[in-house]
There are 2 protein chains.
Amino acid sequence: MASVQPKPDRRMGPVGSDTWNAMLDGAEAVLRDEGHAALTSRRIAERIGVKQRLVYYYFATMDDLITELFRRLSERELERFRAARRSDRPLREIWDICIHTTDARLISEFIALANRIEELSAEVVHFIEESRRIQVDALEAALKRAPAANHASAAALAIVATSVALTLTREQKIGVDSGHDDVMALIEAFLARAEPS
Amino acid sequence: MASVQPKPDRRMGPVGSDTWNAMLDGAEAVLRDEGHAALTSRRIAERIGVKQRLVYYYFATMDDLITELFRRLSERELERFRAARRSDRPLREIWDICIHTTDARLISEFIALANRIEELSAEVVHFIEESRRIQVDALEAALKRAPAANHASAAALAIVATSVALTLTREQKIGVDSGHDDVMALIEAFLARAEPS
DNA sequence: GTCTATACACCGATAGAC
DNA sequence: GTCTATCGGTGTATAGAC
């Protein structure tokens with residue numbers, strides 16, 4: 001699961017060090033605020049106050065840096081999902097992460113980047129499969145306790161929930177909200193049945 | 001709805017001409033095959049066999065070209081939706097467009113680009129609102145004829161359907177398919193109730 | 001670990017001839 | 001309508017000193 005280190009014939013900095021993390025912090029901020037077009041080694045260096053050359057001491061290529069950034073981000077998100085799964089209202093807490101914690105802009109940038117970067121695509125696949133596994137697990141447990149809650153399978157419900165959450169956050173960010181209330185009410189009604197509070 | 005023409009102090013080519021369309025064809029092919037990073041005036045020119053300078057005769061800026069490309073594409077898609085709406089199985093035909101016609105890669109590239117290009121963002125908003133209007137309209141008519149089909153509103157169903165279609169096509173393209181059968185069965189069951197064949 | 005300096009490619013956009 | 005030629009800028013990535 002950890003990164004695989006060096007491709008280039010070049011001295012490389014330690015993975016996980018403070019500077020390494022600071023660079024990913026800078027990269028994340030740039031991607032969030034300015035988008036993929038501005039995600040360059042120069043801009044990252046400028047952001048954290050070092051020289052551009054140093055970026056290539058810690059990361060073999062820009063694609064590696066981007067992949068590493070997604071990995072760090074997705075591991076944090078998976079940890080949130082796992083914690084929510086262990087709580088006493090797992091469905092509500094997982095939904096809360098999907099609809100509130102998720103940054104629609106960041107996700108859309110990564111999805112587009114994954115079209116081009118194969119390593120990143122593999123990381124995205126891993127994240128989708130693992131997060132779905134957690135969600136299906138939580139849903140199956142809930143449906144067992146409240147069997148009349150729905151006719152759909154846990155797997156189907158997980159896909160519907162994540163899809164809808166992504167659409168709502170994305171549309172909200174660009175200023176579309178028609179039908180959002182209705183679909184939120186639908187989700188709320190399901191949660192009330194499947195996980196009575 | 002038509003494009004608004006010139007910003008620059010420069011001679012410009014006719015909107016809608018053969019060369020103009022050929023350039024958008026080239027741009028679409030580049031975006032589909034290589035992604036937004038490769039979508040440059042030089043690459044487009046190379047693709048259709050003209051010189052780079054000519055791209056700036058037909059389009060004021062690259063951002064304009066990209067926006068115009070999305071506009072052309074979305075108008076075609078809306079026309080498909082309208083035709084499906086007029087058919088005798090509107091729900092099934094609209095769903096068929098969502099799940100088959102849509103190019104997941106192209107859409108993700110445009111969404112990422114819209115984060116940066118304001119004109120494009122406005123076009124995306126327009127497309128979402130108009131396509132949703134058509135879908136809600138079709139769903140309302142169907143639910144009127146088969147009231148017991150579902151407890152959810154037409155607006156909620158439209159969002160769920162488009163969200164799920166986008167997720168399925170995107171995941172399929174990167175090689176994830178867990179739960180897809182289940183959710184397709186769910187959609188099929190709904191269609192069987194709301195639009196019996 | 002961090003720096004200066006730099007090679008080299010490519011980009012958007014324009015001037016102006018034919 | 002289409003071209004040649006070019007400017008100014010920015011990108012990735014490397015060599016090698018301190």
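Letters A, B, ... mirror the listed sequences (proteins, then strands); counts begin at 1.
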Contact pattern, 5' to 3', of nucleotides 7-18 of chain C - B, S or - by protein heavy atom under 4.0 Å: ----BBBBBBB-
Any pair with a residue in residues 32-56 of chain A that passes ring pair (Phe, Tyr, Trp, His ring centres under 6.0 Å), sequence neighbours left out, goes on the list, sorted by first then second residue, please.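 Found A/His36-B/His36.
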Qualifying ring pair (Phe, Tyr, Trp, His ring centres under 6.0 Å) pairs, either residue in residues 81-105 of chain B, two or more places apart: none
Whole-Å gap separating [atom2] ([N]) and [atom1] ([X]):
{"X": "B/Lys51", "N": "D/dT4", "atom1": "NZ", "atom2": "P", "value": "5 Å"}
{"X": "A/Glu46", "N": "D/dG11", "atom1": "CD", "atom2": "C1'", "value": "14 Å"}
{"X": "A/Glu34", "N": "D/dG11", "atom1": "CD", "atom2": "C1'", "value": "15 Å"}

Looking at C/dT2, I'd like to know if its phosphate oxygens (OP1 or OP2) sit under 4.0 Å from a side-chain N or O belonging to A/Tyr58. yes
In terms of the angle between their ring planes, are B/Trp20 and B/Phe59 parallel, tilted or perpendicular, with boundaries placed at 30° and 60°?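 It falls in the parallel class, under 30°.
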Group every Ile, Leu, Val, Met, Phe, Trp and Tyr by side-chain heavy-atom contacts under 4.5 Å, then state whether B/Val50 and B/Met62 land in the same group. yes
Same hydrophobic cluster for A/Ile117 and A/Ile107, using side-chain heavy-atom links shorter than 4.5 Å among ILVMFWY?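 Different clusters: A/Ile117 never reaches A/Ile107 through Ile, Leu, Val, Met, Phe, Trp or Tyr contacts under 4.5 Å.
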What verdict does the salt bridge (Lys or Arg N to Asp or Glu O under 4.0 Å) test give for A/Arg105 and A/Glu109, after you've listed the backbone C-alpha separation in whole Å, the side-chain angles of each residue and the deciding distance to 0.1 Å? CA-CA 6 Å; A/Arg105 162 134 202 203; A/Glu109 300 282 3; 3.3 Å; yes
